[in-house]
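What follows is one structure encoded as structure tokens, with my remarks underneath.
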Amino acid sequence: DAGVIQSPRHEVTEMGQEVTLRCKPISGHDYLFWYRQTMMRGLELLIYFNNNVPIDDSGMPEDRFSAKMPNASFSTLKIQPSEPRDSAVYFCASRSLTGELFFGEGSRLTVL
Amino acid sequence: QQQVKQSPQSLIVQKGGISIINCAYENTAFDYFPWYQQFPGKGPALLIAIRPDVSEKKEGRFTISFNKSAKQFSLHIMDSQPGDSATYFCAASSGGGADGLTFGKGTHLIIQP
């Protein structure tokens with residue numbers, strides 16, 4: 001299995017632009033998580049899905065952030081409009097039936 | 001999210017020594033306590049995990065010690081090697097891991113040759 005696949009790996013954009021991050025979870029995993037990592041705040045859970053349904057989005061920082069999971073093999077995290085303080089590494093992770101989280105390699109976002 | 005407090009922030013250990021990282025939690029509903037290892041430019045990867053029905057779990061050179069009454073758990077790395085140099089995160093969740101992990105802030109470990 002190729003693992004959790006995220007794209008893009010790096011994104012540099014200007015303040016006010018829309019950013020879309022993409023994730024393909026491991027086949028057969030029924031939970032998908034989006035995390036954000038910064039030096040100051042560490043790893044923060046933003047939102048997670050079970051069987052494509054959002055379960056808890058209390059970690060989403062503002063209405064500028066939205067996430068969707070239209071099917072079991074694809075999820076997006078969108079930021080519109082983006083701001084410099086959104087600069088971070090965004091990780092997607094899927095959960096195996098034994099409870100282990102598998103993380104992708106992350107999308108490093110820089111908002112100028 | 002309930003907080004998980006991790007210490008130290010950084011740690012330098014000589015090759016062959018024992019590395020010890022500590023975590024404390026508040027939420028008594030937590031029932032799953034994993035440790036993750038992260039190398040630069042990579043996502044975190046599961047190292048070892050424990051559930052509160054046991055006080056210790058060992059996998060190779062890595063051991064988790066768990067103290068339910070004190071709400072603390074720790075990672076011990078025996079015979080530390082330069083390849084162990086990475087950032088280590090403790091985490092906790094309820095629902096057997098289904099509720100999403102709450103992570104500690106991480107420990108940057110350096111093993112000196």
Output side-chain donor-acceptor pairs under 3.5 Å for residues 10-24 of chain B, partner residues at least two apart or in another chain, one line each.
{"residue": "B:Q14", "atom": "NE2", "partner": "B:Q112", "partner atom": "OE1", "Å": "2.7"}
{"residue": "B:S19", "atom": "OG", "partner": "B:S80", "partner atom": "OG", "Å": "2.8"}

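Linking ILVMFWY residues whenever their side-chain heavy atoms come closer than 4.5 Å, directly or via other members, leaves A:L97 and B:Y32 in distinct clusters. Linking Ile, Leu, Val, Met, Phe, Trp and Tyr whenever their side-chain heavy atoms come within less than 4.5 Å puts B:F33 and B:V54 in one cluster.
Applying a 4.5 Å heavy-atom cutoff, none of the residues of residues 15-23 of chain A approach chain B. Of residues 36-48 of chain B, those residues lying under 4.5 Å from chain A by any heavy-atom pair are B:Y36, B:Q38, B:G41, B:K42, B:G43, B:P44, B:L46.
Only the backbone of A:M40 comes within contact range of chain B, with heavy atoms under 4.5 Å apart. Within the 4.5 angstrom heavy-atom criterion, only backbone atoms of A:R41 (N, CA, C, O) approach chain B. Proximity to chain B is absent for every atom of A:F102, based on heavy atoms less than 4.5 angstrom apart.
Looking at heavy atoms from C-beta onward, A:L101 lies in side-chain contact with B:L101 at the 4.5 angstrom threshold.
Under a cut-off of 6.0 angstrom, the local environment of CD in B:Q81 is crowded, with over 12 non-hydrogen atoms contributed by other residues, nucleotides or ligands. Annotation: A:R108, atom CZ; neighbour count of heavy atoms from other residues, nucleotides and ligands within 6.0 Å does not exceed 12. Shown here is B:Q9, whose CD atom has no more than 12 heavy atoms of other residues, nucleotides or ligands within 6.0 Å. Residue-environment remark: CG (A:D63) stays at or below the threshold of 12 foreign heavy atoms within 6.0 Å.
Legend: residues meeting salt bridge (Lys or Arg N to Asp or Glu O under 4.0 Å) with B:E59, ordered by chain and number and at least two apart, are B:K57.
For the atom pair B:F103 CZ and A:Q37 CD, the distance stands at 9.0 Å (nearest 0.5 Å).
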